[in-house]
Amino acid sequence: MDKHPVEQWRKDAQQPWSPELCQAVMQTRTLYDDSLVLPYTVPDPLKCFDGQAVATPRDWFAKRRPELLKWFTENFYGPLPPRADQVTYEVVEEAGDALDGTAVRRQIRLDFAMANGRTHSAMMLMYLPKKANGEKVPAFLGLNFKGNHSTVVEEAVLVNPRKTDIPRAESERRWPHKDVVQRGYASVTCCYLDFFPDSTDGWGESIWSLFDDGLKGFDGTHPRYGSISAWAWGLSRLLDCLETIPEVDATRVVVHGHSRLGKTALWAGANDQRFRMVVSNDSGCGGAALSRRWYGETFLVMLNVFKHWCPEAARKFIVHEPEMPVDQHELIALAAPRPVAVASATEDQWADPKGEFLSAYYAGPVYQLLGHFEVLNRDMPRPGECVSGDVSYHYRIGVHDQVAFDWNHYLDLADRKV
Ligand code: GCU
């Protein structure tokens, strides 16, 4: 490609979206050449929409942080639902000798109920270190894609009813429960489909249906809601549950997520300040990557392929990303001063590694304002390199995934910061 594809994208955006158009955009007019990225200005996170400078932590927390959170809510991800009227937790299975005798395994069902009779459930899987000597442990909490049973080989882990086709332990490489437990953390997960089946017609079976009875049969982009907010809500409800677990220190929970669930982890960390650390693994477009670079995936593809992820409001930025008054470094900054780790992979250019790094870098001034100085400098780490601090980044050599290299960095960071 020797010419910037934006003119063609503008035409594409006028066409009815189809698999053929999607393929054409992805294969022939996606920008993978950094020298073609158009000049752009990254919005100053320390300047309010009315032009006022954010000079003190108080300005940040009283004015700038709320206005950014409001902006992302109203213009991109939509609101998180409220809490359910009632929730109960039921331990459905427990074993004291899990993971070769190193852990206690507990499977807990979260039952949400509304005064009007509607109900919804989600199944949490938790491993607790056995050698905690009665001390409360910190935890890693993340949603999984394919069911709790896909994360581990243990027969007793319940098969997710939506994922009966997925063999046990299929995603085990992404879920090193035993290592996490050995490092002294609880390892907690739940399938994201328990909160929103990830399809354009998933509404009727999502947690949104607890609050809105107009969703049965709804298909596509909703005027107000999105699934990323539903998944983020799920993470907060799992954290509520962790608050009731005597063995867990729920003030020290790391929320992590890969890819679309990395976008979700960032949004959860922005909304729920109880999360002590936030991990974005290869989250890309609508996650850690700066949108205005237009490198790799853009909103044209994301919001047309995954119509349920974001509400209508986000669509106005399709092929208009550079006009947004914010960018994703400000989503990262919403976690400040809590530690954030952003990770990319060399063979995941779709997620724009450089854009992910730059977001992490441009969040730095907010951390500095809040008295946290371990932030990134302007040089992007080389492939295989990790930079650790209040804002961290690593650039793994390999494909789009969350594997041992990523986990080692996250665990090392948690050891220092959580
Ligand atoms: C697609 C999508 C990405 C997303 C990824 C994933 O590639 O375009 O935005 O992050 O799926 O969740 O695996």
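Indexing begins at 1, ligand by ligand and atom by atom, following the structure's order. Heavy atoms only: backbone and side chains are in, while hydrogens, waters and symmetry mates are out.
Annotation: F317 is in aromatic contact with W71 [ring centroid separation under 6.0 Å]. Ring to ring, H149 and W175 are not that close: their centroids are 6.0 angstrom or more apart. Checked against the 6.0 Å centroid threshold, Y192 and F145 count as a close aromatic pair. Between Y77 and W267, the ring center distance clears the sub-6.0 Å criterion.
Between P381 and Y393, the shortest heavy-atom contact is CG-CD2, 3.5 Å.
With ligand atoms numbered from 1 in the order given, ligand 1 contributes 2 (C), 7 (O), 8 (O) to contacts under 4.0 Å with heavy atoms of W350. Near K263, meaning under 4.0 Å from one of its heavy atoms, ligand 1 places the atoms 3 (C), 4 (C), 9 (O), 10 (O).
Between S259 and ligand 1, at least one pair of N/O atoms sits closer than 3.5 Å.
The nearest non-hydrogen atom to atom 2 (C) of ligand 1, considering only F145, Y192, F306, comes from F306. Across H258, E297, M302, R260, heavy-atom proximity to atom 3 (C) of ligand 1 is greatest for E297.
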